[in-house]
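We're numbering straight along the sequence, starting at 1.
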Amino acid sequence: MTGTLIERKALRFTPAGVPVVECLIGHQSEQLEADSPRRVECEIQAIALGSTAQWLQAAGPGMVLQLTGFLAARSRNSKQPRLHITTIEFVEGNQDGKVLQEEG
């Protein structure tokens with residue numbers, strides 16, 4: 001998923017000492033649905049742990065990120081989905097809906 005970092009909470013640590021960062025990601029794209037283009041916009045809560053959390057901590061609001069991970073329920077009591085980020089890439093720019101990254 002490609003998205004813009006809207007909000008990032010402060011780095012914290014679990015009782016076991018694992019770094020954790022929670023954030024809000026905004027996504028915008030154009031997708032095909034029933035052979036017709038559809039503009040998609042949403043915001044999703046996300047969380048990163050370990051070294052991924054430390055990388056996310058370096059990102060500032062407004063930065064475009066390429067994220068991979070999985071969806072899981074926020075908690076036992078809340079079935080709202082939250083993206084658990086497993087990898088993060090910092091995107092240099094975005095043009096015509098295509099992600100551009102600096103080679104090197």
Side-chain angles (χ1 to χ4, degrees):
M1 175 178 108
T2 301
T4 303
L5 182 61
I6 296 172
E7 175 182 294
R8 177 184 41 78
K9 294 185 179 178
L11 180 70
R12 63 181 176 84
F13 294 87
T14 67
V18 177
V20 178
V21 173
E22 296 180 70
C23 65
L24 181 64
I25 304 293
H27 171 78
Q28 296 180 357
S29 65
E30 189 170 289
Q31 304 294 323
L32 281 178
E33 183 174 45
D35 296 323
S36 297
R38 177 180 176 184
R39 180 87 177 144
V40 176
E41 294 184 35
C42 66
E43 293 180 356
I44 187 164
Q45 295 287 329
I47 188 168
L49 287 90
S51 61
T52 306
Q54 293 170 325
W55 280 105
L56 184 59
Q57 184 64 24
M63 291 188 77
V64 179
L65 308 170
Q66 175 69 39
L67 308 169
T68 57
F70 59 92
L71 293 173
R74 185 168 177 82
S75 68
R76 287 184 183 174
N77 298 327
S78 172
K79 298 303 177 192
Q80 292 293 318
R82 178 166 57 174
L83 176 65
H84 287 247
I85 302 168
T86 56
T87 61
I88 182 171
E89 292 180 39
F90 296 90
V91 177
E92 294 295 324
N94 190 325
Q95 182 179 26
D96 298 327
K98 294 182 181 174
V99 177
L100 303 175
Q101 289 184 292
E102 187 174 313
E103 303 258 344

Side-chain donor-acceptor contacts of residues 6-26 below 3.5 Å, not counting sequence neighbours, with atom names and distances?
from	atom 1	to	atom 2	distance (Å)
R8	NE	A59	O	2.8
R8	NH1	Q57	OE1	3.3
R8	NH2	A59	O	3.2
R12	NH2	E22	OE2	3.4
T14	OG1	A16	N	3.3
T14	OG1	G17	N	3.4
T14	OG1	V18	N	3.0
E22	OE1	R82	NH1	3.1

Would you list the pairs meeting ring-ring contact (aromatic ring centres under 6.0 Å, His included) in which at least one residue belongs to residues 37-75, sequence neighbours left out? F70-H84

Over all atoms of both residues, closest heavy-atom pair of A53 and A48: CB-O, 3.3 Å

How far does CG of L65 sit from CG of L5, to the nearest 0.5 angstrom? 5.5 Å

Around atom CZ of R38, are there more than 12 heavy atoms from other residues, nucleotides or ligands closer than 6.0 Å? no

Could you go through Q31 and S29, starting from their C-alpha distance and side-chain angles, then the distance that decides it, and tell me whether this counts as side-chain hydrogen bond (donor to acceptor under 3.5 Å, both in side chains)? CA-CA 6 Å; Q31 304 294 323; S29 65; 2.9 Å; yes

What's the shortest heavy-atom distance between T2 and H27, and which atoms? O-ND1, 2.7 Å

Identify whether I44 and I47 are in the same connected component of the hydrophobic contact network (ILVMFWY, side-chain heavy atoms under 4.5 Å). no

Gap between atom CG of L83 and atom CG of L71 - 0.5 Å precision: 6.0 Å

Pairwise side-chain contact, V40 with E33, heavy-atom cut-off 4.5 Å (strictly under): no

Check A46 against I85 and note the closest heavy-atom contact, atom names and distance. CB-CD1, 3.8 Å

Where at least one partner belongs to residues 40-54, residue pairs that pass side-chain hydrogen bond (donor to acceptor under 3.5 Å, both in side chains), sequence neighbours excluded: none

